[in-house]
Structures are given as structure tokens and as C-alpha cells.
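Reading through the C-alpha cells given below for one structure.
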Protein chains: 2
Amino acid sequence: MGGDGGPDVTVPATKRFLADYPDIDVTLYGRENALSAHLSRDPSLTDAVISQRLHIEFCPEVVLDDEPPSSALRNKQNSSMWQSLECVASDNAEACVSAGNTGALMAMGIKLLGLANAIERPAICAVLPGGQGWLYLLDVGANVDCSAHQLHQFATMATTLVSLVENIDRPGCALLNIGQEATKGNKLVKEAAVLLDDDPGLNYRGFVEADQFFSSPVKIIVSDGFSGNIALKATEGAARYVLDRVLSEPSTGSTRNLSKANGGTPLTLDPGRYNGAALLGLKSMVVKSHGGADEAGFYGALKTAARAVTSGVAEGVCRHFEQISQ
Amino acid sequence: MGGDGGPDVTVPATKRFLADYPDIDVTLYGRENALSAHLSRDPSLTDAVISQRLHIEFCPEVVLDDEPPSSALRNKQNSSMWQSLECVASDNAEACVSAGNTGALMAMGIKLLGLANAIERPAICAVLPGGQGWLYLLDVGANVDCSAHQLHQFATMATTLVSLVENIDRPGCALLNIGQEATKGNKLVKEAAVLLDDDPGLNYRGFVEADQFFSSPVKIIVSDGFSGNIALKATEGAARYVLDRVLSEPSTGSTRNLSKANGGTPLTLDPGRYNGAALLGLKSMVVKSHGGADEAGFYGALKTAARAVTSGVAEGVCRHFEQISQ
């Protein structure tokens, strides 16, 4: 049903996505009254070109934002979230994109799609502009409490993701901490540092602090879901605050064109370009869009899903954990 | 000795502070060779007006940035950090300002100044621009692991601080979490929420997320030191990144004047205005400056100390905990 913005956001974003990706079909899951209103308002959605590739499935239920995952799992089999995941589970789609309740999406994803071999918990991997192009930060909210072993699995999954999506051999990876020195941090990061450092399959580079996201030489930063979510939200809030102040100054309207001056490097100033966090560790691809995403943001999440499917991320993670557990 | 910038930062900042605060004396503690070079280079430091209020104490040792607090406590009694705290302990000064090793400053502060009655752990309280003027965020790094009881003490200490410094009765206070709903978060924040909500001396307003710092209606946000430090660093890093990109655009030079357009509201764009985090829970005032502070930043930390002393923050916290434990 599409997070805070609902079909006002997801329908136009899907239309743009269908136009830009002519080889991909999309099915929208949602309440009949909400979706029908959009379809009747916009005749282009039912024209010959798009309608062949845009499918609609009406669902009578919706998972609420504050609904506990256990309750959603038990009671919401007729929701848009459950039905869209079941479409992936039955091999009728290759990815599910949702802007809904994260905990419920994760719980239903585990139930309907299953976990990759030996994976204890899936992680949500967000993408930010970093010092080396894109920066992959995980977990950003699926797991409030983590073990060192789980952080090690997150690092391995993200390494597989970055290798496949960006074609980088052994991308640099670090642990989020409150200092760079080995003596700093809590028990969890100190234990995880030993595991990551001992693994020859990882390119472990030590601790990084949250003010180094945009300048760090690493591609991957690993964290428990509580700290990672706080780091991501703080980054988004501060960037938006500063940008709002700058853009509200009459004489600085030209900063709206900042992305033009930026060449190929991703810019934090355009959240749509980095929306869409992959749920890693499931057997198929699920992408979580920001609940508050606008049209550009949800379009970004659809693009993230397309890129992950084309690169074979979910299969790559499954294959990797099959191999190392043999 | 003054953090990353050393006397290049602290000496000019102190000079400006002495000029702006004619009733306050300052003693600089540091290595002879570093301080003497500055004093001989700048004749105005020894002129009649300033020299009467600027005192110099040479110390042969320095606490290193990566030195474990226990080692500093054992071996660095002749350091600038220890000597300046001892000056406060012996009532020859009312506050100590340091940009050095946070853990060592905290450990030496507890040893030399002592804790307020019933306080388990001191907390570091940072100040940011918020939705209601200044926002007080604590703990931002003194305690990597906290109990719910300690978070409750942090809320009480910050409430005393804000009441005294800003003359606000029962300032609003919230807990940092990864969602606003009561079901969200880890065990620690859920337990702390019960304690804060039950205390009639606090104006508890629930959970806030890290992207709400600049818009939240609360004055105080309480966190464990690990998450709080990550939130603070992420905020600083993102603000600096966005601002650097904006200022590097030739046509947007006028954003440098943003603070002028801002009236009385504090601006995140000028870190010097909010540098200086009070160590709450000690019997006397200690202020931690950012290690990477420039002259304006260290001047900000000196101002923070002056304001805290004038308002009687350390005494207020001691008095409050004496009263509630009777």
C-alpha cells in the first residue's frame, strides 16, 4: 500500500519505472478503493503500452505501521504485504518492494521466502553516498540486539552484495564504533572486530565513526540494528535540516542544481537516489522503501530492486553461505 | 593541552574569552615548550590588561588520545589534565575545560572532584540546535553500556541543568529510540521509559528518533553513551558534508551569512556556537570540548563553562540528588 504516502506515491513512481524499464512487469497490491481511484483518474495507466505490464491485485487488509510483527504474521494473510511476498515465494515475481512496517515485512519475509542457509537473522542494508561512491550500511533496524556472530554474517552478506552489484573484489568493510582506537567501544564491537579480522574472505579495515560516512575509504559499515538505525536517521535529519535552511535563503536558490555540479558521485542531497534498502539473508529479494518516501524516493526503491535482481544478490548470498557451510 | 589543535587553538580562544569576560581569570595548563612559543610570539598575551588574568602552569606530561583511562589515572598526575582538575578540586578554580581524552577526563574527574550523592555514573551532555532553541543530548560517550536506572539519572541531571541555565520549569524530555511507538526499541529504552514516565519530577514525552533533533518539541533527549555518541557524530558529519558541498558552489557563497538571517535561533551551521559538553554528576563543573575544535569551537566551550558556573549547574545537581535521597 506504500507507506505514509500510499498510492499517491507508489502509483506515479511505478508508472515512471515501467516507462524506464521496458523489460520489467509490476504488480501493485493494495486496497481496491485506494487503487481504483488512481486508475480511474489517470487514463494513461490503462493504455495499451503500460497496462500489459502493470497488474493490479486488490487486497482487503493492510498491515498497520505500529502493528507488532507477530500480530501481522498471525492475522494479515490477506494484506498487500503478505500477498506481494507470496507472489515472490511462488516464483511469480523476482522481488518485492514495500514501504510498510519494517518488522512485519521482515517477519513475513522469513516465513514466506525463508532464510539463506546458516543465516541467523536477515539484515537491512541501506545505501548512502560515501567516500568511495556508494556506502552500504547494515543493519539499520531489523535487529535491535545482535551477537558478534550476526555482525560477522552481516559483513559477509554485504561483501557479496557489493561484489555483485558494483563488481568490486573484496570491498573494504568496517565496524561502526564511537572511536577508531581498538580500546574504544562496547563488548559487541570488540568481539565482532576479532571475527571480522580473522576472516580472510573479508577486507576488514577496523572501526569507523558516524561522522566519517561521507569520507571513509570503506564500502561497507556494519552495525547492530539499533545503532545503525540511529546513525542513518541522524544523518538524514541533519542533511535535511541544513539543506532546508540553505534552500530557504532567497540568494541560494542555485543550490537546487547541486547535483549537476556533482558529476558521477552520488549526492546526499537527493534522497530519491539512495532510497531502497535490501533485506539481506532471505532466499529472494525484498527491498524496504523509506516509509516517508515521495515519488522519486519510491522510484529509487524500485530501481534498487531491479539492480539487485539483475545482479543476482539474493542467490549470491544463498550460494556463498551454502559453500562456506559445506 | 587542547585536543588536536593544541595551543594554536586554545591560546587565541582564551585571549578572546578574557577580552569578552572581564570578570573571569583563566589558567592554561600545558607543556612548557608548546605554551612558551605562543607567549613569546604574541606580545599582547603578556601586556598589562590580560596578563593579570591569564596564568600559566607548565606540566611535563600529556594524556594521549588513545591512552586507556586506567593508565592515565595511574601514571599521569603531572599532566595538564590532572593538574587543571586538581586546581578545581582545591577550590582555586570553578571549572575545568579540556579538549583531551574523554575517558581519562571522566576518570580523573571522578577521582579528583567526586560524584554527586547517589550518582552512579557521570554523563556527557552535548548541546545542539533543536526545535525549541537548544537541545540537550546525553549521554554522548561517557558510558558505552548503561542501565535504565542510569538513564533515569541522566534525565534528572539534564532537567536540573536546563532549569538552571535556561530558567525553564520542567523542560520536556524524551528517550532516543528507533521508532516512536511504545513497541519499538531494545530492552533498555523500554525499561527506562517506565522509570521516566513514573517520575513526577520529569516532564517525560516519550520516544524520539534521531532525525527529529531539529524539530522535536522536547529540550532533553536521553540515550546510552554508545547510541548518543553515534547520533551526535552522524549529525555533525552530515551537517558538515552538506554544508561543505553548498559552500563549495561558487554561486552560493552567501550561505556563509546564513547565521545573520537566523535571528536568535541557534544554527547548526556554526559548530562553535554549540561546542562544549558538560560532564554532569561531578561535584564541580568540567566541560569537554570537541577534540577537533577550532578557535571558535574552543571559545564556545569556555563560554559553556562560564554559563554553567554562573547558573550553578554542578551545585544544583548535587543539591537535587541530596534532596531526593533524604
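Reminder, nothing fancy here: chain letters follow the sequence lines and each chain counts from 1. Quantities reported herein were computed from a predicted structural model and do not represent experimental measurements.
Here the CD-CD distance, from B:E181 to A:E67, works out to 12.0 Å after rounding to the nearest 0.5 Å.
Proximity to chain A involves both the backbone and the side chain of B:L176, based on heavy atoms less than 4.5 angstrom apart. For B:V140, no part lies under 4.5 angstrom from a heavy atom of chain A. Interface remark: B:S227 contributes backbone and side-chain atoms alike to the contact with chain A (heavy atom separation under 4.5 Å). Both the backbone and the side chain of B:N186 come within contact range of chain A, judged by heavy atoms closer than 4.5 Å.
Per-residue heavy-atom pair counts under 4.5 Å with chain A were compared for B:V189, B:T102, B:L232, B:I230, and the maximum is reached by B:I230. Top candidate by heavy-atom pairs under 4.5 Å with chain B, chosen from A:D145, A:I178, A:D65, is A:I178. Ranked by heavy-atom pairs under 4.5 Å with chain A, the list B:G185, B:G103, B:S215 is led by B:G185. Comparing B:A210, B:G141, B:A231, B:G237 by how many heavy-atom pairs each has under 4.5 Å with chain A, the most go to B:A210.
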- Query: Does the pair B:N177 and A:F226 meet the rule for a side-chain contact (heavy atoms from CB on, under 4.5 Å), with working shown?
  - Reply: CA-CA 8 Å; B:N177 199 359; A:F226 193 82; 3.3 Å; yes
- Message: Please evaluate residues A:Y241 and B:T235 with respect to the criterion side-chain contact (heavy atoms from CB on, under 4.5 Å), reporting the C-alpha separation (whole Å), side-chain torsions for both, the decisive distance (0.1 Å), and the verdict.
- Response: CA-CA 10 Å; A:Y241 172 76; B:T235 298; over 6 Å; no
- Between A:R240 and B:D211, does a side-chain contact (heavy atoms from CB on, under 4.5 Å) hold up when you go through it step by step? CA-CA 9 Å; A:R240 195 182 321 119; B:D211 59 350; 4.3 Å; yes
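Considering every non-hydrogen atom in both B:A238 and A:A239, the closest pair reads CB-N, 4.1 Å.
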